[in-house]
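The next block holds one structure in the form of structure tokens; read it before the comments.
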Amino acid sequence: MRIGFFDSGIGGMTVLHQALRVLPNEDFIFYADTLHVPYGEKSKEEVREYIFNAVDFMANQGIKALVIACNTATSIAVDDLRKKYEFPILGIEPAVKPAVQSCQGTRKKVLVLATNLTLKEEKFHNLVNRLDQHDIVDSLALPGLVQFAENFEFREEKVVPYLKEKLSSYDLEQYRTIVLGCTHFPYFEDSIKKLFSHEVDIISGSMGTAKNLKRILEATNQINEGTGDILFFKSGYKVEDKDTLSNYKKLLVKLDELLLMSTKS
Ligand code: DGL
């Protein structure tokens, strides 16, 4: 059986990309709810309904595990989804814990970038209250990056001015670690780095989620001998159009390139 990956859009591919690295012999279903993206700008109630409809659809396709590859959807629905479905469900949340640890003894701070809805949610406030004992965690919503990604607009000349404007009131010198708390944001890692005149660590929860997935499949004896095949779905229909499929494949190549760059630097 396949593993399901779900996001409001193409952000979830940044998590799928990591899963392909640790689980190259699995097959996947990737579901993007592109009719309803962005989730981060909608009400919790509305988004909940979209999430349950999408997961019902994926469950009917037959999946052995589900990754909610969306911080926003995780914060709103992961607990209730786990009550409804039998298969293991993994979520993703802003990687605040390693970020805070990375700043210990440095007098530097953490900046969490996410969607408006993630930052408003109780789950995020509880996470920060639990971990941020020295008041070093700041946050900022960047809905424009979700839009850029959905339009396949990754050019720095478009993205950097937007980021500069959003961060204009922040003293960037004080940050050591940037948390990408939205799965759409890793596409812009190079643009984000450009804003800082010093070295910053940029972290996301996607590798942690991929490793957890592997651990759970191993523990439940569900490892496959597949080929890394991916079926793509968009809000309830299978993507068969060659251009869209080729764009999705290009995104995985782009993520390979970004990974190569970050391991070199
Ligand atoms: N990719 C999603 C996340 O990680 C949400 C983007 C959106 O739909 O606003 O939060």
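Ligands are counted one by one from 1 in listed order, and the atoms in each one are counted from 1 as well. These values consider heavy atoms only, across backbone and side chains, with no hydrogens, waters or symmetry-generated copies. Count residues from 1 along the sequence.
With respect to the salt-bridge test (charged N to carboxylate O, under 4.0 angstrom), the residues Lys123 and Asp79 qualify. A salt bridge links Lys83 to Asp80: at least one charged side-chain nitrogen sits closer than 4.0 Å to a carboxylate oxygen. At a threshold of 4.0 Å, the pair Glu26-Lys64 counts as salt-bridged, since one of the basic side-chain nitrogens sits closer than that to a carboxylate oxygen.
Considering only non-hydrogen atoms, atom 6 (C) of ligand 1 lies nearest to Ser8 out of Ser8, Pro143, Gly9, Gly40. Summarising the contacts of atom 3 (C) of ligand 1 with Asn71, Thr74, Ile68, the nearest heavy atom is found in Asn71.
Under the 4.5 Å side-chain heavy-atom criterion for Ile, Leu, Val, Met, Phe, Trp and Tyr, Leu111 and Val179 are members of distinct hydrophobic clusters.
At a heavy-atom distance under 4.0 Å, no atom of Leu117 approaches ligand 1. Contacts between Thr72 and ligand 1, counted as non-hydrogen atom pairs separated by less than 4.0 Å, involve both the backbone and the side chain.
Cation-pi geometry between Lys254 and Phe154 is met: under 6.0 angstrom from the ring centre, within 45 degrees of the axis.
Ligand 1 places these atoms under 4.0 Å from at least one heavy atom of Thr115: 5 (C), 6 (C), 9 (O), 10 (O). Heavy-atom contacts of Asp7 reach the following atoms of ligand 1: 1 (N), 2 (C) (cutoff under 4.0 Å). Less than 4.0 angstrom separates some heavy atom of Val37 from each of these atoms of ligand 1: 8 (O).
Looking at Phe87, Tyr31, Phe233, Tyr85 one by one, the single match for side chain to side chain contact (heavy atoms under 4.5 Å, CB included) with Met58 turns out to be Tyr31.
By the 3.5 Å distance cut-off applied to N or O atoms, Glu41 is not counted among the residues near ligand 1.
Protein heavy atom nearest atom 2 (C) of ligand 1, with residue, atom name and distance: Cys70 SG, 3.2 Å. Nearest protein heavy-atom contact of atom 7 (C) of ligand 1 is Tyr39 N, 3.3 Å.
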Dump the intermediate steps for side chain to side chain donor-acceptor pair (under 3.5 Å) on Asp7 and Tyr39, then the final yes or no.
-> CA-CA 9 Å; Asp7 182 35; Tyr39 281 0; over 6 Å; no

